[in-house]
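Here's the structure, in structure tokens; my notes come after.
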Amino acid sequence: MNLILSSNPFVQFWEELKVLGPKVLVFLIIVVLGFILAWILKVAIREILKGVRFDTLCYRIGLSTALARANVRRTPSEIIGLILYWVVIFLFLLVSLSTLNVGAVDQMAASFLVYLPRFLIAVLVLIFGYLLAGFVGRAILIALVNAQVKSAKPISVAVHVLILILFLAMGIEQLGIAKGVVIATFSILLGGVVLALAIAFGLGGKDMAKDFLEKKVKSTGEPKKKPDDISHI
Amino acid sequence: MPRSILNKEVREKVKEYKKADIVVGIPSYNNARTIPHVVRAVSAGLVKYFSKYNFVLINSDGGSKDGTPNLVKETAVEDFDTILIEHPIHLINKIVTPYHGIPGKGSAFRTIFEIAHLLEAKACAVVDSDLRSITPEWMESLIEPILFHGFDFVAPLYQRHKYDGTITNSIVYPLTRALYGKRIRQPIGGEFGFSGEMLSHFLKNKKVYQTDVARYGIDIWMTTTSVAGGFKVCQSFLGAKIHNPKDPGADLSSMLSQVVGSVFNLMETHYDSWSGVTDSTPVPEFGFKFEVATDPVRVNLEGMVESFKYGVSDLVSVWDRFLSGDVLSELNRISSYNVLEFRLPAELWVRIVYDFSLAFHKNIMTREHILRSLTPLYLGRTASFVNETMESSPPEVEEKIENLCQEFEKQKGYLLSRWK
């Protein structure tokens with residue numbers, strides 16, 4: 001009787017271990033498999049991207065320079081390989097944890113899987129916004145300099161920043177973080193900038209506008225530019 | 001079978017004419033003021049020098065709104081007796097057609113090439129429609145080397161004002177000469193003669209007509225293609241080139257980017273042809289050279305220097321991706337000069353052009369941005385050239401250009417060492 005009483009917790013433990021043991025084993029196997037698959041995918045994607053000259057493309061669009069400025073020593077193809085590596089490991093970890101049948105973990109895994117596509121879209125939106133802002137900013141800068149516009153640099157920087165803010169707001173909205181607050185902040189910020197610019201131009205350029213209109217209305221006939229007959233081609 | 005770019009009316013005309021020994025093409029866009037003179041000069045030249053041959057005159061128009069095509073149809077040489085000893089045997093056969101594709105001179109040329117090819121032309125010539133100085137003799141100069149001397153490509157040689165054709169003088173001529181080793185003085189002159197064989201070669205790769213070759217890049221593409229293809233090339237003296245300004249709507253930056261972009265693209269295509277060339281040689285010349293007066297050209301020197309200064313102050317963030325620190329600091333130093341003492345030395349200019357070509361080749365950034373950011377530097381170099389040659393006679397100006405060419409040849413090793 002005494003023996004039965006004292007062995008009961010051990011039996012119980014043994015019984016639980018018999019149930020949990022295979023689950024832990026499956027958990028470990030899935031984690032190890034995850035690491036192996038993640039490593040294979042990392043190497044494969046890195047080599048594929050190198051093969052299609054992804055790094056050259058990133059250099060061309062200025063992404064590599066931005067990374068270098070941020071003190072990132074890895075190449076863009078290595079970074080994408082690394083992101084993929086950790087995403088795969090994380091996914092495998094979630095799947096493996098679900099084998100343990102822990103309620104909280106299951107719930108977390110489910111909500112993460114729902115959230116993952118939104119997160120990836122947000123990252124893509126931010127990358128696209130960064131590239132577009134760089135491209136448009138530079139195109140505007142060159143066009144304005146060629147047109148001999150005096151404030152070419154501030155205008156191009158303003159356009160660059162506005163595009164970045166727009167895409168940042170889009171990215172944050174995609175993540176679903178404080179939706180209302182982000183939209184309101186963005187609207188107030190943009191509205192404020194436009195109003196500030198309007199006031200600044202209005203006050204600062206009052207005389208200039210007056211001169212311009214006077215010249216237009218009076219039309220003195222004085223040529224705006226010096227004559228140039230040079231035929232470049 | 002690929003769809004023809006020629007409309008039904010044109011194809012019927014080709015059927016009617018069957019064959020032509022000589023085809024002369026005139027591309028046009030709103031050239032009502034000058035095209036009647038060009039058509040008269042071409043017609044008279046063909047009748048005067050090639051009366052024993054069949055010839056067709058083609059006008060390929062880009063949708064003119066000033067009645068240019070109608071003027072081509074209606075224009076005739078009223079009195080051949082004043083220019084001919086014998087009466088003409090031939091009437092002037094004309095094909096007047098709009099062209100299709102990207103709007104530009106290259107697309108107009110492509111239509112001319114296609115028609116000439118169908119007509120099995122032995123010799124062709126193309127002349128611009130904005131010319132005011134063309135004479136009937138230009139036809140003889142452009143076509144005779146093809147028909148009677150076995151040449152495949154005739155480039156023009158003109159007497160031009162020292163400030164006319166500055167893209168040619170500061171970039172295209174010296175660069176193509178240093179690259180391909182042939183001293184073709186007007187590689188983008190606009191008036192060319194070429195053989196039937198050359199014509200077939202021009203039509204081999206139709207994809208090029210989807211690039212800047214369809215626009216202002218056509219001239220340098222034709223010249224480079226003939227030189228790199230090993231065809232027999234010569235140049236013919238035509239006299240003075242006086243013309244109306246090129247398409248006033250086209251801005252300098254686009255024009256420069258199309259021409260220079262075509263040169264840089266051709267460097268990629270023909271690397272094997274230019275990489276082994278170490279010096280340059282003259283090409284055979286036809287025609288009797290003589291001095292002629294050209295129209296005076298007004299230059300806005302202040303505007304050009306100002307544009308250069310804007311570039312140096314604002315475009316450093318673009319240029320520092322492919323111009324070295326010493327070049328940038330030199331540009332910075334130069335930008336402090338006043339208008340009359342402004343100089344951008346030949347050595348620095350050559351280095352800049354080669355660095356731009358390397359940036360284009362290595363795709364350092366969007367190619368259009370690389371090309372368009374060259375405009376302020378080009379204007380700086382042009383201002384410097386104007387200052388250097390303000391009091392110079394035509395031979396002295398030629399000497400300056402010759403020195404620039406030699407500098408391009410001298411620094412070619414720098415380009416080659418960084419190309420791969």
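Because the structure is a prediction, the values reported are computed rather than measured. Only this structure's heavy atoms are used, side chains among them; waters, hydrogens and symmetry mates stay out. Sequence lines set the chain letters: A, B, ... in the order given, protein chains first and strands last, and positions in each chain run from 1.
Between atom CD of residue Glu368(B) and atom CZ of residue Phe135(A) there is a gap of 8.5 Å, rounded to the nearest 0.5 Å. Expressed to the nearest 0.5 Å, how far CG of Leu315(B) lies from NZ of Lys153(A) amounts to 8.5 Å.
Of the atoms belonging to Leu256(B), not a single heavy atom falls under 4.5 Å from chain A. Contacts between Ser313(B) and chain A at a heavy-atom distance below 4.5 Å involve the backbone alone (N, CA, C, O).
In this structure, Thr366(B) and Arg138(A) have side chains that are in contact, with non-hydrogen atoms separated by less than 4.5 Å.
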Q: Take Asn363(B) and Arg53(A), measure what side chain to side chain contact (heavy atoms under 4.5 Å, CB included) needs, and give me the verdict at the end.
A: CA-CA 11 Å; Asn363(B) 282 312; Arg53(A) 295 172 136 212; 5.8 Å; no
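Between Tyr310(B) and Gln148(A) the shortest heavy-atom distance is CE1-CB, 3.6 Å. Looking at every heavy atom in both residues, His369(B) comes nearest to Ile142(A) through O-CD1, 3.5 Å.
Atom CZ of Phe128(A) has 12 or fewer neighbouring heavy atoms from other residues, nucleotides or ligands inside a 6.0 Å radius. Within a 6.0 Å radius of CZ in Phe54(A), more than 12 heavy atoms belonging to other residues, nucleotides or ligands are found.
Here Ser307(B) is the residue among Ser307(B), Gly190(B), Ser170(B), Gly303(B) with the most heavy-atom pairs under 4.5 Å with chain A. Between chain B and the options Leu141(A), Asn146(A), Leu144(A), heavy-atom pairs under 4.5 Å are most frequent for Asn146(A).
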